*Asks:* 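Take this structure first; my questions come after.
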Amino acid sequence: MNRGRLEAFTDAVIAIAATIMVLELRPPKSVSLRGLAADWPIMVAYVFSFTMIYVVWYSHHNLFNKAKIISTRTYLFNGLWLFSLTLVPASTAWVGQHADKTLPEVVYLGVLLLWSLAFQLMDESVIKDNPGISRDVSNNVAARLWLYGGYVAGILVALVWPIGALLIVGGISLGLTGQLLRTKPTPVNK
């Protein structure tokens, strides 16, 4: 598979997903801080999801910069990752509209968990196909256990305190941003 074509398609899907999310944002019904505050769950869910999309897009770019070989397996895992990414806007909108309800929070966290697992499979496939490339800081056992454990904990918290689950997603997005700041950029591999 041509790496450039796969990256271009991936970039387009990511851009569309982020655009769909922002289209879900509506101006407040009144011209006041109270009107703005009434829509806080939608804005918070949007900020957390956009942060994760942006951080993981960078990680994807960094990973694929290292790759010389893109196997069919990697191509398929990239497709699974993109599929789960396309579920993020709908689940973000749902949780933003019903942040105090269990089912939207569980679905949102489930989508984020699926998306993360798909990225891990893709990441491992690229590393397997390209022996000798270094792993990013986010691709180690401790980082992955923290990430998956956070999503599972969020799902469990959503059963009793849905807003708490959204706060856990915020913590995860901050943690991913921290990992990004520790990731060494990879020079373009042509």
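For clarity, every value in this text was computed on a predicted model and none was experimentally measured.
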*Asks:* Do Met21 and Phe50 have side chains that approach each other closer than 4.5 Å (heavy atoms only, starting at C-beta)?
*Replies:*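 Yes; the side chains approach each other to less than 4.5 Å.
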*Asks:* Could you go through Thr51 and Ser173, starting from their C-alpha distance and side-chain angles, then the distance that decides it, and tell me whether this counts as side-chain hydrogen bond (donor to acceptor under 3.5 Å, both in side chains)?
*Replies:* CA-CA 6 Å; Thr51 300; Ser173 68; 5.1 Å; no
*Asks:* Do you know the tightest heavy-atom contact between Ser116 and Leu147?
*Replies:*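 Scanning both residues completely, I find the closest heavy atoms to be OG-CD2, 3.6 Å.
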*Asks:* Main chain of Ile42, side chain of Asp39: is a donor-acceptor contact present, judged purely on distance under 3.5 Å?
*Replies:* no
*Asks:* Output, in order, the C-alpha distance, side-chain angles, deciding distance and verdict of side-chain hydrogen bond (donor to acceptor under 3.5 Å, both in side chains) for Asp11 and His61.
*Replies:* CA-CA 9 Å; Asp11 289 349; His61 175 72; 5.9 Å; no
*Asks:* Decide whether Leu109 and Leu114 are clustered together by the hydrophobic rule: side chain heavy atoms of Ile, Leu, Val, Met, Phe, Trp, Tyr closer than 4.5 Å, transitively.
*Replies:* no
*Asks:* Grouping I, L, V, M, F, W and Y whenever their side-chain heavy atoms are under 4.5 Å apart, do Tyr108 and Val44 come out in a common cluster?
*Replies:* yes
*Asks:* With distance as the sole test, does Ser125 use its side chain to make a donor-acceptor pair with the main-chain N or O of Leu121 at under 3.5 Å?
*Replies:* no
*Asks:* Find out whether Ile172 and Met52 are in side-chain contact, i.e. whether some heavy atom of one side chain is under 4.5 Å from a heavy atom of the other.
*Replies:*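 Ile172 vs Met52: side chains touch.
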*Asks:* When you compare the side chain of Tyr148 with that of Leu117, does any pair of heavy atoms fall below 4.5 Å?
*Replies:* yes
*Asks:* Is there a path of hydrophobic side-chain contacts, each under 4.5 Å between heavy atoms, that joins Val47 and Leu25?
*Replies:*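 Yes, one cluster joins them.
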*Asks:* Any heavy-atom pair between the side chains of Leu87 and Trp115 that's under 4.5 Å?
*Replies:* no
*Asks:* State, to 0.1 Å, how close Ser84 and Val111 come at their nearest heavy-atom pair, and which atoms those are.
*Replies:*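 Heavy atoms only, the tightest pair is O-CG1, 3.8 Å.
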*Asks:* Has Asn130 got a side-chain atom pairing as donor or acceptor with Val126's backbone, closer than 3.5 angstrom?
*Replies:* yes
*Asks:* Does any non-hydrogen side-chain atom of Tyr54 lie less than 4.5 Å from one of Thr177?
*Replies:* no
*Asks:* Taking Asp136 for its side chain and Asn139 for its backbone only, find out whether a donor-acceptor pair lies under 3.5 Å.
*Replies:* no
*Asks:* For the backbone of Ile70 and the side chain of Asp129, can you confirm whether one donor and one acceptor N or O come within less than 3.5 Å of each other?
*Replies:* no
*Asks:* For side chain to side chain contact (heavy atoms under 4.5 Å, CB included), just list the numbers for Glu105 and Trp161, CA-CA rounded to whole Å, side-chain angles, deciding distance to a tenth of an Å, and then say yes or no.
*Replies:* CA-CA 10 Å; Glu105 292 284 356; Trp161 185 38; over 6 Å; no
*Asks:* Applying side chain to side chain contact (heavy atoms under 4.5 Å, CB included) to Phe64 and Asn78, what does each step give before you reach the verdict?
*Replies:* CA-CA 11 Å; Phe64 276 67; Asn78 192 79; 3.9 Å; yes
*Asks:* Under the side chain to side chain contact (heavy atoms under 4.5 Å, CB included) rule, what do Leu80 and Leu76 come out as? Steps first, then yes or no, please.
*Replies:* CA-CA 6 Å; Leu80 176 63; Leu76 293 172; over 6 Å; no
*Asks:* In terms of hydrophobic clustering (I, L, V, M, F, W, Y; side-chain heavy atoms under 4.5 Å; direct or indirect links), are Met43 and Leu33 co-clustered?
*Replies:* no
*Asks:* Of the non-hydrogen atoms in Asn2 and Arg5, which two are nearest, and what is the gap between them?
*Replies:*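 Taking Asn2 first and Arg5 second, the nearest heavy atoms are OD1-N, 2.8 Å.
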*Asks:* Quick one, Glu124 and Lys128 - any side-chain contact, counting heavy atoms below 4.5 Å?
*Replies:*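 Glu124 vs Lys128: side chains apart.
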*Asks:* Out of curiosity, does Val169 fall in the hydrophobic cluster containing Trp40 (side-chain heavy atoms, cut-off under 4.5 Å, transitive links)?
*Replies:*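 Per the 4.5 Å side-chain linkage, Trp40 and Val169 are co-clustered.
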*Asks:* Should Glu24 and Thr92 count as side-chain neighbours, where that means a heavy-atom distance under 4.5 Å?
*Replies:*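 Heavy-atom side-chain distance check fails, nothing below 4.5 Å.
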*Asks:* Just so I know, are the side chains of Trp81 and Asp123 near enough to count as touching, which here means a heavy-atom distance under 4.5 Å?
*Replies:* no
